[in-house]
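The first residue in the sequence is number 1, and the count goes up from there.
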Amino acid sequence: MKYRKIAAVIAAAVFSANCFTYMPFKENDMSVNALTDEGTKYEFEDGRFDNIKVENWTKIDECASGNSADISDWSGTGFANMTSKGSSVSVDVDAPKDGLYELVIRYCQPFDLNKKVQYLNVNSTNQGEITFPYCEKFQEMSAGYVQLKKGTNEIQLKSYWGYTLFDYLVIKEADQSIMDLSPDRNLVNKNASDTTKRLFSYLCDVYGNHILSGQQEYCGSHNYNYNADPTTGYIVDNEAEFDYIKEKTGKMPAIRGIDFLNYNSSPKMWDDQAAERAAEWTNKFGGISTITWHWSVPSEEDSTDRCFYVESASANYTTFSISKGLEEGTWENKVIMDDIALIASKFKILKDADVPVLFRPLHEAEGGWFWWGVEGAEPCKKLYHLLYDQLTNVYGLDNIIWVWTGSTSPAADDWYPGDEYVDIVGYDKYNAVDGLPCLASLSSTFYNLVAGTDKKKMVTMSENDSIPAVGNLINDKAGWLWFCPWYNNYLTSQQINPVDDLIDIYTSDYCITLDELPDIRKYPISTGETEPPVTTLPSQTTTQAATTTSSVTTMPVHGVYGDLNSDQVVEMTDLTLLSQHLLSDITLDATVLELADVTADGSVNIADLSHLKQYILKEPVTLGPQ
């Protein structure tokens, strides 16, 4: 099973690199979210209602701002007025063919100066949430992308926060090139370590072809890691989630979620060896770590008590000002800089162990429940930039892959730190409601995030409650890079993750588990560049010289290394034959196996497939003895 997964990942990456061509959007082109006059319009007042009324007001006497508002420009015969939680409005739309469609909604939301959020259901399946910012008149807004089947489909808006007015819905075919997932394969840190580049190259190869399994470990103030012992190991306590997965599925997750929550510069800080656990997960168990940091700060100068929530979110809260923390000379700034120095020392433990990690700082900022997001987008982005600059350029930490956890709201672009600071875009999914799991793929959310960076960045489910059903992920082509349920009942509750569905995804060919990961330190690096330096080839391989810039040396007895079908050209057909052999779909005879040993190590295995892939992608490698 391990070889089958790895071979499939590499082969799929080569196929995608050679079989798809798309025209990227130019800077002056209309963006993928831009609204046009195209599409079919459906009036919400003509739909089906559950505890919703059709209204035809022309004026709102007092909005949340205290202003009155003229809303007389609704179309049709009125609009749907959504109020109480659980109410809904549904419309049936006709799709000319199976495919991805963009939804445009005309709405008015004068009741909350911040936003209202409602559920989007497609054909009775939840596809995520839609955020409706404050406005005092009807206006159009892109509501993301959904997969529709040919014929009639039900689009439903169900109240989550309620109190929104809906005029009409437009559906239009999405630009199908958005489904050709081809992210930038270069890390934002140009000085990233070799192993970090290899991990990122592997992630790029997996993306859109498989999903990596992940699980957040039990963490928080209760995680004292009592039994950690450098002589025996650090991963010894708080393994309930991992034991549960092993017991139910026979597998272990490929990615371990670890929280640096306990790390700060307070005298009260105690070390739960989170950094050591991350290093051990890679170096002892062969896994990948994703690091989050619930960054705790004091409310007052010299206070040793630390919190990360703001007052509106928790009884244990901080009033720490991020804006003051960005001003040199303030006590708040000293806290921030001291904390960054402390966290850098923990990442250095990982660097010294040659362990690359996925780091997602300042997560869920837009929600406003953490101190780093409560004062708005601009100070949050400045803090992210400061953190990136300090860890990358000051402390020289070259083992970090940077993940930004954002949203699909219309304001998400304002919060995004920028392509030059982000390697992967994440989304934290929590939409299991009414005591029922939500096993939908959330393809709408996925493609909205893909479009948000013009396909430049990979998109992942950085936290979640229910794991999407594997069939939904495949059928909807929702190419999330990994999933990572939060701990305790977020994984084990049958109302969130039914055990049969957990078994289905962990044992499927689509999901990659710990035992199916390659040796990251040996994984080939592919940047996607198509013009590496040209190497002069020996005369007996002149036919190959016209098609590749790599080289073949020391000819085997029976032909040319890598030429498995004896046509004197090393190309995709040969890679396919090798992949099929490793997958046990065909058997190559001894003569051909000699040609397949392109690493010349005396055996034919996954390393040969990786090496041959590099050659076909025109990277400067040698087939045969080095």
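- Side-chain N or O atoms of S303 include none that pairs as donor or acceptor with a backbone N or O of P298 at under 3.5 Å.
- With sequence neighbours excluded, no residue satisfies salt bridge (charged side-chain N to carboxylate O under 4.0 Å, His left out) with K246.
- Among residues two or more places apart in sequence or in another chain, the side-chain hydrogen bond (donor to acceptor under 3.5 Å, both in side chains) test is passed with K346 by D271.
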Which pairs would a plain distance check flag for residues 476-486, meaning a side-chain donor or acceptor within less than 3.5 Å of a matching protein atom at least two apart in sequence or in another chain?
{"from": "D476", "atom 1": "OD2", "to": "S441", "atom 2": "OG", "distance (Å)": "2.7"}
{"from": "W480", "atom 1": "NE1", "to": "S441", "atom 2": "O", "distance (Å)": "2.8"}

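- Y427 pairs by the ring pair (Phe, Tyr, Trp, His ring centres under 6.0 Å) definition with nothing, not counting sequence neighbours.
- Within the 4.5 Å cutoff, the side chain of I291 has no heavy atoms near those of the V403 side chain.
- How far CD1 of I258 is from CD of Q273: 11.5 Å, rounded to the nearest 0.5 Å.
- A donor-acceptor pair shorter than 3.5 Å can be found between the side chains of Y430 and E463.
- Each of E364, E366, E129 was evaluated against S407; a single residue qualifies, E366, per the side chain to side chain donor-acceptor pair (under 3.5 Å) test.
- Between Y421 and Y416, the distance separating the two ring centers is not shorter than 6.0 angstrom.
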Check the pair N191, D398 against side-chain hydrogen bond (donor to acceptor under 3.5 Å, both in side chains), reporting the backbone distance first and the verdict last.
CA-CA 6 Å; N191 298 315; D398 56 8; over 6 Å; no
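- Under the side-chain hydrogen bond (donor to acceptor under 3.5 Å, both in side chains) criterion, N333 pairs with no residue at all, not counting sequence neighbours.
- Comment: D423 does not engage K457 in a salt bridge, judged by the lack of any side-chain N to carboxylate O separation of less than 4.0 angstrom.
- R198 places a side-chain N or O within 3.5 Å of a backbone atom of Y523 that can act as its donor or acceptor partner.
- Using a 4.5 Å heavy-atom cutoff, the side chains of K348 and D352 are in contact.
- With sequence neighbours excluded, the residues that form a side-chain hydrogen bond (donor to acceptor under 3.5 Å, both in side chains) with D465 are K429.
- Here the CG atom belonging to N605 is positioned 6.0 Å from the OG1 atom belonging to T599, to the nearest 0.5 angstrom.
- For K324, there are no salt bridge (charged side-chain N to carboxylate O under 4.0 Å, His left out) partners two or more places apart in sequence or in a different chain.
- In this structure the side chain of S526 reaches within 4.5 angstrom of the side chain of S201, judged on heavy atoms.
- If you check the side chains of E516 and T513, you find a donor sitting under 3.5 Å from an acceptor.
- Between V604 and D608, the closest heavy-atom pair is CA-OD2, 3.2 Å.
- Judged purely by atom type and a 3.5 angstrom limit, E332 has no side-chain atom pairing as donor or acceptor with the backbone of S321.
- Between the side chains of S296 and N264, no donor-acceptor pair of N or O atoms lies under 3.5 Å.
- Side-chain atoms of L181 and K455, non-hydrogen and from C-beta on, never get closer than 4.5 Å to each other.
- Sorted by first and then second residue, the salt bridge (Lys or Arg N to Asp or Glu O under 4.0 Å) pairs with a member in residues 299-316 read K268-D305, R306-D339; sequence neighbours excluded.
- R256 and S289 share no donor-acceptor pair across their side chains, judged by distance under 3.5 Å alone.
- For the pair D259/Q216, a side-chain contact is recorded, criterion being any heavy-atom separation below 4.5 Å from C-beta on.
- The main-chain N or O of D205 is found under 3.5 Å from a side-chain atom of N209 such that the two form a donor-acceptor pair.
- Looking at D500 and K248, no side-chain N of the basic residue comes within less than 4.0 Å of a carboxylate O on the acidic one, giving no salt bridge.
- Atom-to-atom distance recorded for W415:CH2 and E378:CD is 9.5 Å, nearest 0.5 angstrom.
- Judged by distance alone, with hydrogens and angles left aside, the side-chain atoms of H363 form no donor-acceptor pair with the main-chain N or O of T405 at under 3.5 Å.
- Sorted by first and then second residue, the ring-ring contact (aromatic ring centres under 6.0 Å, His included) pairs involving residues 301-345 (not counting sequence neighbours) are H294-F308, F308-F370, Y309-F370, F320-W331, F320-W371.
- Shown here is Y384, whose OH atom has more than 12 heavy atoms of other residues, nucleotides or ligands within 6.0 Å.
- Side chains of N225 and D272: no donor on one and acceptor on the other come within 3.5 Å.
- D354 and T195 share a donor-acceptor pair across their side chains, judged by distance under 3.5 Å alone.
- Between L342 and M269, the closest heavy-atom pair is CD1-SD, 3.8 Å.
- We find the SG-CG distance between C438 and N497 to be 11.0 Å, quoted to the nearest 0.5 Å.
- Atom CH2 of W404 sits about 13.5 Å away from atom CG of D419, to the nearest 0.5 Å.
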Determine, step by step, whether V357 and L199 satisfy the side chain to side chain contact (heavy atoms under 4.5 Å, CB included) criterion, reporting the C-alpha distance in whole Å, the side-chain angles of both residues, the deciding distance to 0.1 Å, and the verdict.
CA-CA 9 Å; V357 291; L199 172 58; over 6 Å; no
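- In terms of modelled atom types and a separation under 3.5 Å, the side chain of Y263 and the main chain of A274 share a donor-acceptor contact.
- Using a 4.5 Å heavy-atom threshold, the side chains of V236 and D229 count as separate.
- Applying the ring pair (Phe, Tyr, Trp, His ring centres under 6.0 Å) rule to W281 yields the partners F242, F285; only residues at least two apart in sequence or on another chain are considered.
- By the ring pair (Phe, Tyr, Trp, His ring centres under 6.0 Å) test, W293 pairs with W295, sequence neighbours left out.
- The backbone N or O of A192 sits nowhere less than 3.5 Å from a side-chain atom of T196 that would complete a donor-acceptor pair.
- Not one N or O on the side chain of S466 forms a donor-acceptor pair closer than 3.5 Å with the backbone of P437.
- Taking all atoms of both residues into account, the shortest heavy-atom contact from N238 to E241 is O-OE1, 3.9 Å.
- In the model, S314 has no side-chain atom that pairs as donor or acceptor with a side-chain atom of N316 under 3.5 Å.
- Using a cutoff of 4.0 Å between basic side-chain nitrogens and carboxylate oxygens, D184 and K456 are not scored as salt-bridged.
- Across every non-hydrogen atom of V422 and V425, the tightest pair is CG1-CG2, 4.2 Å.
- When all heavy atoms are compared, the tightest approach of P379 to I322 is O-CD1, 3.4 Å.
- In terms of the ring pair (Phe, Tyr, Trp, His ring centres under 6.0 Å) criterion, Y207 has no residue partners (sequence neighbours excluded).
- The closest donor-acceptor contact from the side chain of T392 to the backbone of D389 lies at 3.5 Å or more, if one exists at all.
- Separating the CD1 atom in I349 from the CG atom in N399 is a distance of 11.0 Å, to the nearest 0.5 Å.
- Heavy-atom neighbours of E420 CD from other residues, nucleotides or ligands within 6.0 Å: above the threshold of 12.
- With hydrogens and angles ignored, the 3.5 Å screen pairs a side-chain donor or acceptor of Y487 with a backbone N or O of C219.
- In summary, the side chains of T445 and T408 do not present any donor paired with an acceptor at a separation below 3.5 Å, with no hydrogens or angles considered.
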